[in-house]
K.L.:
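Sending over a structure as structure tokens; questions will come in a sec.
Every heavy atom of this structure was used, including side-chain atoms; hydrogens, water molecules and symmetry mates were not. Bear in mind the structure is a predicted one, so any value in this text is a computation, not a measurement. Atoms within each ligand, like the ligands themselves, are counted from 1 in listed order.
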Amino acid sequence: MSRLADKVAIVTGAAQGIGAAFAHGLAREGAKVVIADWNDGTATADAIIRANGAALYVKTDVSSAKDVRAMVAATIEKFGAVDILVNNAGLFAKIGAKKFMDISSEEFDQVMAVNVRGPFECAKAVSAAMIKQGSGKIVNIASSTVFKGVPNLLHYVSSKGAVVAMTRCLARELGDYNITVNAIAPGLTMSEGVLGQPDYTQGYIESNMAGRALKRKQIPEDLVGAMLFLSCSDSDFMTGQTLAVDGGNVMH
Ligand SMILES: NC(=O)c1ccc[n+]([C@@H]2O[C@H](COP(=O)([O-])OP(=O)(O)OC[C@H]3O[C@@H](n4cnc5c(N)ncnc54)[C@H](O)[C@@H]3O)[C@@H](O)[C@H]2O)c1
């Protein structure tokens with residue numbers, strides 16, 4: 001049985017990586033999916049359509065309020081509603097690890113603009129439609145680094161800490177409208193972003209795996225089940241929570 005038949009979902013950053021896996025997972029459950037990415041997301045959209053799903057790619061920079069408003073308007077124009085928002089777009093692997101003293105003010109601001117202001121802009125832009133229809137599901141993608149305080153990525157880890165905090169604030173403000181807001185904290189995941197970044201050496205990946213209860217590599221598909229749970233009615237009485245999906249590395 002399709003858990004999300006006729007629902008409309010927006011996934012930011014779905015041109016590749018974890019976001020693309022989310023888009024395919026939502027489509028398999030019957031949702032119509034909007035791929036909102038500043039890079040070309042037609043491959044994800046076309047693959048969903050080829051599998052008899054419904055999808056639309058809308059070029060969007062999540063840190064631009066104007067882009068985000070236009071993307072939500074395009075979603076409603078094409079599919080008539082917005083039921084689910086997965087705030088996945090983020091700057092991560094390409095940032096490159098460095099000591100906090102070496103992070104420039106400009107780089108700090110850029111990471112915050114995409115990873116914190118992006119989900120804020122998207123939540124703001126979908127809220128009017130969700131409030132009007134009296135339901136909605138927002139799933140924010142944080143990171144398990146928040147619970148470990150991983151060094152040499154201070155701007156990134158701080159941005160994802162803000163996502164956990166934002167999830168709680170949004171849950172409180174949107175609860176009266178039957179909108180749930182939860183987050184997923186993934187562990188180190190073999191997305192295109194990570195696989196293309198030489199900082200993530202075999203040694204680094206193996207030492208990360210050694211800290212897990214389940215000692216294997218995490219792949220984007222490992223996150224799809226939790227995302228679908230938080231996007232469907234199975235999680236209707238759960239809000240403001242952050243689920244760590246990282247093979248049992250952090251336990252909180
Ligand atoms: N891969 C990991 O190990 C890992 C771990 C924890 C959390 N995460 C989080 O999961 C999410 C996805 O990560 P990933 O590894 O799949 O990344 P990725 O680099 O493979 O893909 C990220 C996607 O986001 C898009 N994007 C980036 N900035 C954008 C912007 N301003 N507007 C619109 N689209 C934008 C990119 O174009 C890309 O398609 C990120 O929020 C990341 O922080 C990843």
Side-chain angles (χ1 to χ4, degrees), residues 10-25 34-45 57-72 85-97 107 109-122 125 139-148 150 153 155-164 166-167 183-197 199-201 204-205 207-209 211-212 217-224 226-227 242-247 249-250:
I10 294 169
V11 186
T12 67
Q16 67 171 41
I18 294 168
F22 284 162
H24 288 294
V34 170
I35 289 108
D37 202 301
W38 63 5
N39 279 340
D40 187 5
T42 48
T44 310
Y57 163 58
V58 184
K59 187 175 175 64
T60 314
D61 175 355
V62 294
S63 67
S64 158
K66 189 166 160 256
D67 271 20
V68 169
R69 279 196 300 269
M71 179 272 292
V72 173
L85 166 67
V86 184
N87 268 320
N88 165 81
L91 293 178
F92 169 48
K94 63 163 64 158
I95 294 174
E107 189 179 0
D109 285 351
Q110 196 199 3
V111 172
M112 292 296 161
V114 176
N115 292 8
V116 185
R117 197 155 50 69
F120 159 75
E121 301 290 5
C122 292
V139 183
N140 295 326
I141 305 308
S143 166
S144 66
T145 58
V146 172
F147 306 102
K148 297 198 275 185
V150 170
L153 275 174
H155 43 358
Y156 176 76
V157 179
S158 303
S159 75
K160 293 300 186 175
V163 170
V164 172
M166 193 192 304
T167 299
I184 295 172
L188 181 64
T189 304
M190 300 301 108
S191 64
E192 277 101 323
V194 166
L195 292 170
Q197 169 54 257
D199 275 1
Y200 296 99
T201 59
Y204 183 91
I205 293 167
S207 73
N208 185 281
M209 272 161 44
R212 292 180 177 158
K217 285 184 184 169
Q218 179 163 4
I219 57 171
E221 286 68 25
D222 288 319
L223 294 154
V224 173
M227 180 280 301
T242 298
L243 287 181
V245 181
D246 67 348
N249 195 324
V250 300

K.L.:
Considering both backbone and side-chain atoms of Asp37, is one of its nitrogen or oxygen atoms within less than 3.5 Å of a nitrogen or oxygen in ligand 1?
P.N.:
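Yes, at least one N or O pair falls under 3.5 Å.
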K.L.:
Under a 4.0 Å heavy-atom limit, does Thr60 contact ligand 1 with its side chain, its backbone, both, or neither?
P.N.:
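The answer is the backbone of Thr60.
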K.L.:
Taking Asp246 for the side chain and Asn249 for the main chain, is one N or O donor matched with an acceptor at less than 3.5 Å?
P.N.:
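Checking the backbone N and O of Asn249 against the side chain of Asp246, a donor-acceptor pair under 3.5 Å is found.
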K.L.:
Considering only non-hydrogen protein atoms, determine which one is nearest to atom 18 (P) of ligand 1 and report residue, atom name and distance to 0.1 Å.
P.N.:
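Checked against all protein heavy atoms, atom 18 (P) of ligand 1 sits closest to Gln16 NE2, 3.3 Å.
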K.L.:
Return a yes/no value for Val62: is any of its N or O atoms, backbone included, closer than 3.5 angstrom to an N or O of ligand 1?
P.N.:
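N/O-N/O distance under 3.5 Å: yes.
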K.L.:
Using a 3.5 Å cut-off on N or O atoms only, is Gly193 in polar contact with ligand 1?
P.N.:
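Yes, at least one N or O pair falls under 3.5 Å.
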K.L.:
Just by distance, do the side chain of Asp199 and the backbone of Ala97 share a donor-acceptor pair under 3.5 Å?
P.N.:
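Side chain of Asp199 to backbone of Ala97, a donor-acceptor pair under 3.5 Å: yes, one is there.
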K.L.:
Nearest to atom 14 (P) of ligand 1, what protein heavy atom do you find, and at what distance?
P.N.:
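In this structure, atom 14 (P) of ligand 1 has Ser191 OG, 3.5 Å as its nearest protein heavy atom.
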K.L.:
Has Asn140 got a side-chain atom pairing as donor or acceptor with Asn87's backbone, closer than 3.5 angstrom?
P.N.:
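Here the side-chain-to-backbone pair does not exist.
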K.L.:
Would Tyr156 count as a polar contact of ligand 1, with the cut-off being nitrogen or oxygen pairs under 3.5 Å?
P.N.:
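Yes - when backbone and side-chain N and O of Tyr156 are compared with those of ligand 1, one distance drops under 3.5 Å.
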K.L.:
Less than 3.5 Å between some nitrogen or oxygen of Val114 and one of ligand 1, yes or no?
P.N.:
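No, Val114 has no N/O under 3.5 Å of an N/O on ligand 1.
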K.L.:
Go through ligand 1 atom by atom and flag the ones less than 4.0 Å from a non-hydrogen atom of Gly17.
P.N.:
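Those qualifying, in numeric order: 16 (O), 20 (O).
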